[in-house]
Novice: 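Let me begin by handing over the structure; questions about it come next.
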Amino acid sequence: RLRKWQERIRTKDAGERNLQFALSEIDRMASALGVPRSVREVASVIYRRALNEDLIRGRSIEGVATACLYAACRQEGIPRSLEEVSDVSRVEQKEIGRTYRYVAQELELKMEPVDPKQYVPRFASELELSEEVQSKANEIIDTTAEQGLLSGKSPTGYAAAAIYAASLLCNEKKTQREVADVAQVTEVTIRNRYQEQIEAMGIH
Amino acid sequence: MVDPKESIDIENVVASTGIGQELDLESVAMDLEGADYDPEQFPGLVYRTQDPKSAALIFRSGKIVCTGAKSTDDVHQSLRIVFDKLRDLNIQVDDDPEIVVQNIVSSADLGSSLNLNAIAIGLGLENIEYEPEQFPGLVYRLDEPDVVALLFGSGKLVVTGGKRKEDAEEAVDTIVERLSDLGLLD
DNA sequence: GCTTTAAAAAGTAAAAT
DNA sequence: ATTTTACTTTGTAAAGC
């Protein structure tokens, strides 16, 4: 009886330690990503739900913690790409993506696809582009997306191309390389999306 | 408008069978030209047929998996070749081993481009998986038939997980009907 | 869970030209 | 700057770790 009691204490302590570790990891990664405290709280709530639903079994604590943070950023409307999140995690990108999809499905998070416009303020700011360029980029995204151009495309590459196009149209030109670097996509992707978007906008 | 069912092509058929005898894969690997066998990496011996094109995974138990064929008929033809090759090596092979189709992969074309974002919302975010950052296709799991469909912005799709070619036809019908009801198919 | 095999869809990426 | 090659996703069986 005493043995059972001690075992429960041990399990409880181990569980507590694991939860503390997960939450501290979420905190560390959130800080590194520079996201507000509200996102960390949302990520913590998702993680606790995943824990209650026993979704961690067979997966690493850090993998689930990272996936929860990725989901939280999206839910709060300030998405970070899987590559950005994996840059501050010791879990590889592919595993984070898989774990995120699993958690989102099991917890029925009903995640909406990322709107490329949500990347515009951050990317444009890093490139020191004006409000005017941001508005133009948003306009390009909305107009071309309505024409069905967004289907299947990566939101970061889509946003990067629109920002590149807008910077040209507003005479604040940034090179494809500069935009590609902040968005973490290749120049080839920007070139391909840029061509489609300009075509759909009717070449300004 | 052309019926999307007419656009269905079978791209790959996976089937399993067995010769009813245990095999010494080491000796089979030595005698069968073109055989790839690396037990450290994978327990099965890989043997490819040229016509019809397919790959057979042969196991120590005598069980065989055939994949890559474009039809169930090609599966039978390919396995007939494999059986005869084994008989050439003086290996006893059952007269006509039962061949079971385990999976059929098909492609099709709905004929018009798709707004995957609208479809994701329309079909219900809890019923689909759409993560364009990870993969351009929208994953749609059906209950009847029990298959998985991958929908693309071009209007083309892939249906997999079915065991009969009719499964893909029924799946395409169901998808066309649901998208039409949602007004998301032109 | 992983390992291997095949094939399609379309996007992205890296390497080669 | 374009082309080629390769990887991402989905199902499925097999034997063994």
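If you're wondering where the values come from, they're calculated on a predicted model, not measured in any experiment. Letters A, B, ... are given to chains in the order of the sequence lines, protein chains preceding strands, and every chain is numbered from 1.
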Novice: In whole Å, what is the span from the CG atom of B/N117 to the P atom of C/dG11?
Specialist: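 So the two atoms are 14 Å apart, to the nearest Å.
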
Novice: Which one is paired to D/dG11, where only Watson-Crick or G-U wobble pairs with both distances under 3.5 angstrom count?
Specialist: none

Novice: Taking any heavy-atom pair under 4.0 Å as a contact, classify B/S54: base, sugar-phosphate, or nothing.
Specialist: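 If one applies the 4.0 Å heavy-atom cut-off, B/S54 turns out to touch nothing in the nucleic acid.
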
Novice: Find the distance between CG (A/L109) and CD (B/E126) and round it off to the nearest 0.5 Å.
Specialist: 12.0 Å

Novice: Using Watson-Crick or G-U wobble geometry with both distances under 3.5 Å, which nucleotide pairs with C/dA7?
Specialist: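 The base-pairing partner of C/dA7, which may sit in any strand shown, does not exist here.
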
Novice: Touch check for B/G137, heavy atoms < 4.0 angstrom, all strands: base, sugar-phosphate only, or nothing?
Specialist: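 Nothing, no nucleic acid heavy atom in range.
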
Novice: Between B/L57 and A/V188, who's closer to the 5' end of DNA chain D by nearest nucleotide?
Specialist: A/V188

Novice: Figure out the OH/P separation between B/Y130 and D/dT9, and round it to whole Å.
Specialist: 16 Å

Novice: Are a donor atom and an acceptor atom from the side chains of A/R40 and A/S31 found within less than 3.5 Å of each other?
Specialist: yes

Novice: Kindly say if B/K53 contacts the phosphate of C/dA6, meaning a side-chain N or O under 4.0 Å from OP1 or OP2.
Specialist: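 Indeed not, no polar side-chain atom of B/K53 lies that close.
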
Novice: Need one value for B/T67: base, sugar-phosphate or nothing, where a base atom within 4.0 Å counts as base even if backbone is also close, heavy atoms only.
Specialist: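 Contact class for B/T67: base.
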
Novice: Report yes if at least one side-chain N or O of A/R98 is closer than 4.0 Å to OP1 or OP2 of C/dC2; otherwise report no.
Specialist: yes

Novice: Looking only at side-chain N and O atoms, does B/S16 come under 4.0 Å of OP1 or OP2 in D/dA14?
Specialist: no

Novice: Both B/L157 and A/R59 contact DNA chain C. Taking the nearest nucleotide for each, which residue is further toward the 5' end?
Specialist: A/R59

Novice: Using whole Å, report how far CG of B/L116 lies from P of C/dG11.
Specialist: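 From B/L116 CG to C/dG11 P: 10 Å.
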
Novice: Taking the basic N atoms (NZ, or NE/NH1/NH2) and the acidic carboxylate oxygens, is any pair closer than 4.0 Å for A/K136 and A/E172?
Specialist: no

Novice: May I ask you to say what B/V14 touches in the nucleic acid, namely base, sugar-phosphate or nothing, with a heavy-atom cut-off under 4.0 Å?
Specialist: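 Contact class for B/V14: base.
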
Novice: Does A/T186 put a side-chain nitrogen or oxygen below 4.0 Å from OP1 or OP2 of C/dA13?
Specialist: yes

Novice: For the pair made of NZ in B/K70 and C1' in C/dA6, what is the distance, rounded to whole Å?
Specialist: 9 Å

Novice: In whole angstrom, what separates B/Y140's OH from C/dA9's C1'?
Specialist: 19 Å

Novice: For B/S154, which contact category applies under a 4.0 Å heavy-atom criterion: base, sugar-phosphate, or nothing?
Specialist: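 Result for B/S154 = sugar-phosphate.
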
Novice: Below 4.0 angstrom from OP1 or OP2 of D/dT9, is there any side-chain N or O of A/R101?
Specialist: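 For A/R101, the contact criterion (side-chain N or O under 4.0 Å from OP1 or OP2 of D/dT9) is met.
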
Novice: How should the glycosidic conformation of C/dG11 be described, syn or anti, under the criterion that syn lies within 90° of 0?
Specialist: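 In terms of base orientation relative to the sugar, C/dG11 is anti.
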
Novice: Test side-chain hydrogen bond (donor to acceptor under 3.5 Å, both in side chains) on A/T143 and A/E139; report intermediate values, then the result.
Specialist: CA-CA 6 Å; A/T143 305; A/E139 181 193 331; 4.9 Å; no

Novice: Less than 3.5 Å apart, any donor N or O on the side chain of A/Q197 or A/T144 sitting next to an acceptor on the other?
Specialist: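 A/Q197 vs A/T144: no donor-acceptor pair found between side chains.
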
Novice: Which whole-number value in Å describes the distance from B/L150 CG to D/dT8 C1'?
Specialist: 12 Å

Novice: Has A/T189 got a side-chain N or O lying under 4.0 Å from the OP1 or OP2 atom of C/dA13?
Specialist: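 Answer yes for this pair, as a side-chain N or O of A/T189 is under 4.0 Å from OP1 or OP2.
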
Novice: Quick one: does A/Y119's side chain get under 4.5 Å of A/I163's, heavy atoms only?
Specialist: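 Heavy-atom side-chain distance check fails, nothing below 4.5 Å.
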
Novice: Taking atom CZ as the centre, does A/R90 end up with more than 12 heavy-atom neighbours from other residues, nucleotides or ligands that are less than 6.0 angstrom away?
Specialist: no

Novice: Round to a whole Å and report the spacing from CG of B/D74 to P of C/dA7.
Specialist: 12 Å

Novice: Under 4.0 Å from OP1 or OP2 of D/dA14: is there any side-chain N or O of B/R60 that close?
Specialist: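 Checking B/R60 against D/dA14: no side-chain N or O falls below 4.0 Å of OP1 or OP2.
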
Novice: Report the nucleotide, chosen from C/dG11, D/dT2, D/dT12, that has the shortest atom-to-atom distance to any side-chain atom of B/N103.
Specialist: D/dT12

Novice: Rounded to whole angstroms, how far apart are CD on A/Q184 and P on C/dA14?
Specialist: 11 Å

Novice: With heavy atoms under 4.0 Å as the rule, sort A/V185 into base, sugar-phosphate or nothing.
Specialist: sugar-phosphate

Novice: Measuring to OP1 and OP2 of C/dG11, would you say a side-chain N or O of A/S154 lies under 4.0 angstrom away?
Specialist: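 No, because none of the side-chain N or O atoms of A/S154 sits under 4.0 Å from OP1 or OP2 of C/dG11.
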
